[in-house]
Amino acid sequence: MSRVPPPWPPVEVETAHRHPDAPPPGTKFGPHYAHCFGCGDEVEHGLHLQTEAGEGTAIHAQFTVTEAHQGAPGLAHGGLLACAFDEALGVTVGQQLRRPAVTGRLETDFLAPVPVGSTLHIVGTLDGIAGRKVYASAEGRLDAPDGPLALRARALFVIVDFRHFVEHGRAEDLRAVAENPSLLRQSRFDINP
Ligand SMILES: CCCCCCCC/C=C\CCCCCCCC(=O)SCCNC(=O)CCNC(=O)[C@H](O)C(C)(C)COP(=O)(O)OP(=O)(O)OC[C@H]1O[C@@H](n2cnc3c(N)ncnc32)[C@H](O)[C@@H]1OP(=O)(O)O
């Protein structure tokens, strides 16, 4: 099987520029939602991905693989690694463009096994924008920002209206957020605008 990936981005794009209000490099973001599996601080066995703004459109993210994240004995489950990239790239798009967006497509190349106890260092960047379509990609390295390359991911995010979340979210969870807005750890998401 050829390992040569198809052209990326797959369509003609404009350069994606960071929004003037995007936080400066070094800003730590914290979780965006307490119950988010990728970053939430109230999800016991979640990924607890830590994210921080980088230069340009980059985001730096890290998470440590725990026993709860195993697929094979002592190795991270591939789906959870893909989840980490979904989250990291979602933060890249959300924070650098300051627009709500959801994942339309996510592809992941698993280049090396990721053992329990290792810390994955992810860098995500924006690759271009075409209307509502935002293309972003990321690399993940083992145990150090310049450690061995373990994963690569590419994703299409689609910019949506905030109504997307209100119309599709389960009513009791939306109610819980309305009653306790601090569950949205970053107050930018207003579920009742
Ligand atoms: C002031 C604001 C500040 C914000 C600050 C933010 C701070 C917080 C930071 C960060 C937080 C975020 C962290 C989250 C991280 C995790 C993210 C996730 O896991 S998201 C959940 C999983 N994804 C879904 O549940 C989507 C489910 N899918 C849908 O709802 C729809 O399919 C949707 C919205 C993706 C598209 O539906 P349509 O009806 O709106 O639009 P259509 O026309 O179908 O698609 C638009 C374009 O995209 C292409 N497209 C869509 N899906 C595609 C695909 N799979 N492959 C290729 N192209 C696709 C289409 O072909 C179309 O392209 P053409 O405009 O015609 O050129």
Side-chain angles (χ1 to χ4, degrees), residues 5-14 16-43 46-54 57-63 77-108 120 122-138 140 151 153-170 173-174 177 181-193:
W8 183 259
V11 299
E12 204 167 308
V13 292
E14 293 172 18
H17 297 287
R18 56 185 282 142
H19 191 279
D21 295 337
T27 306
K28 293 192 188 321
F29 296 122
H32 65 89
Y33 172 42
H35 298 304
C36 171
F37 186 80
C39 66
D41 46 344
E42 291 191 13
V43 184
L47 302 183
H48 302 137
L49 193 84
Q50 312 279 313
T51 50
E52 144 176 357
T57 62
I59 290 286
H60 297 261
Q62 287 180 33
F63 92 100
H77 193 293
L80 290 184
L81 297 173
C83 176
F85 279 80
D86 190 15
E87 180 71 24
L89 289 167
V91 173
T92 308
V93 174
Q95 293 290 356
Q96 299 293 28
L97 291 183
R98 311 300 297 164
R99 305 283 303 274
V102 292
T103 326
R105 182 175 166 77
L106 173 69
E107 61 183 53
T108 315
L120 199 60
I122 299 173
V123 181
T125 50
L126 300 180
D127 298 325
I129 185 161
R132 294 168 59 215
K133 294 180 292 188
V134 183
Y135 296 91
S137 60
L151 297 108
R154 294 166 154 188
L156 160 68
F157 281 78
V158 179
I159 294 172
V160 292
D161 196 273
F162 279 111
R163 278 193 301 261
H164 172 96
F165 304 99
V166 178
E167 282 169 10
H168 299 294
R170 190 172 67 158
D173 299 298
L174 293 170
V177 167
S182 71
L183 286 170
L184 296 181
R185 299 287 196 237
Q186 293 169 25
S187 57
R188 302 281 172 161
F189 289 107
D190 184 347
I191 65 153
N192 193 20

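Start at 1 and go down the list; that is how both ligands and their atoms are numbered. FYI, side chains are in, hydrogens and waters are out, and symmetry mates aren't considered; it's all heavy atoms of this structure. For this chain, numbers begin at 1 and follow the sequence in order.
Using a 4.0 Å cut-off to heavy atoms of Glu87, the atoms of ligand 1 that qualify are 15 (C). Close approach to Lys133 involves these atoms of ligand 1, each under 4.0 Å from a residue heavy atom: 47 (C), 48 (O), 49 (C), 63 (O), 64 (P), 67 (O). Close contacts between ligand 1 and Gly104 involve ligand atoms 54 (C), 55 (N) [criterion: under 4.0 Å to a heavy atom]. For ligand 1 and Val160, the ligand atoms under 4.0 Å from any heavy atom of the residue are 34 (C).
With distances taken over non-hydrogen atoms, the option nearest atom 3 (C) of ligand 1 out of Arg105, His168, Arg98 is Arg98. Of the options Arg132, Gln96, His19, the smallest heavy-atom separation from atom 41 (O) of ligand 1 is shown by Arg132. Proximity annotation for atom 10 (C) of ligand 1: of Val91, Leu156, Thr51, Val91 comes nearest, heavy atoms only.
The environment of Glu167 atom CD is dense: over 12 non-hydrogen atoms of other residues, nucleotides or ligands sit within 6.0 angstrom.
Between His32 and ligand 1, no pair of N/O atoms sits closer than 3.5 Å.
By the criterion of a heavy-atom distance under 4.0 Å, both the backbone and the side chain of Thr103 are placed next to ligand 1.
Ligand 1 lies within reach of His164, whose nearest heavy atom is under 4.0 Å from it.
Remark: the backbone N or O of Val158 is not paired with any side-chain donor or acceptor of Arg132 at under 3.5 angstrom. Using modelled atom types, no side-chain atom of Thr57 and backbone atom of Arg18 make a donor-acceptor pair closer than 3.5 Å.
To the nearest 0.5 angstrom, Gln50 atom CD is 12.5 Å from Phe29 atom CZ.
The two residues Ala88 and Ala61 make their nearest non-hydrogen contact at CB-CB, 4.0 Å.
The side chain to side chain contact (heavy atoms under 4.5 Å, CB included) test with Pro31 singles out one residue from Thr51, Asp41, Leu183, and that residue is Asp41.
Aromatic ring pairs are classed by plane angle as parallel below 30°, tilted from 30° to 60° and perpendicular above 60°; the pair Phe165 and Phe162 is tilted.
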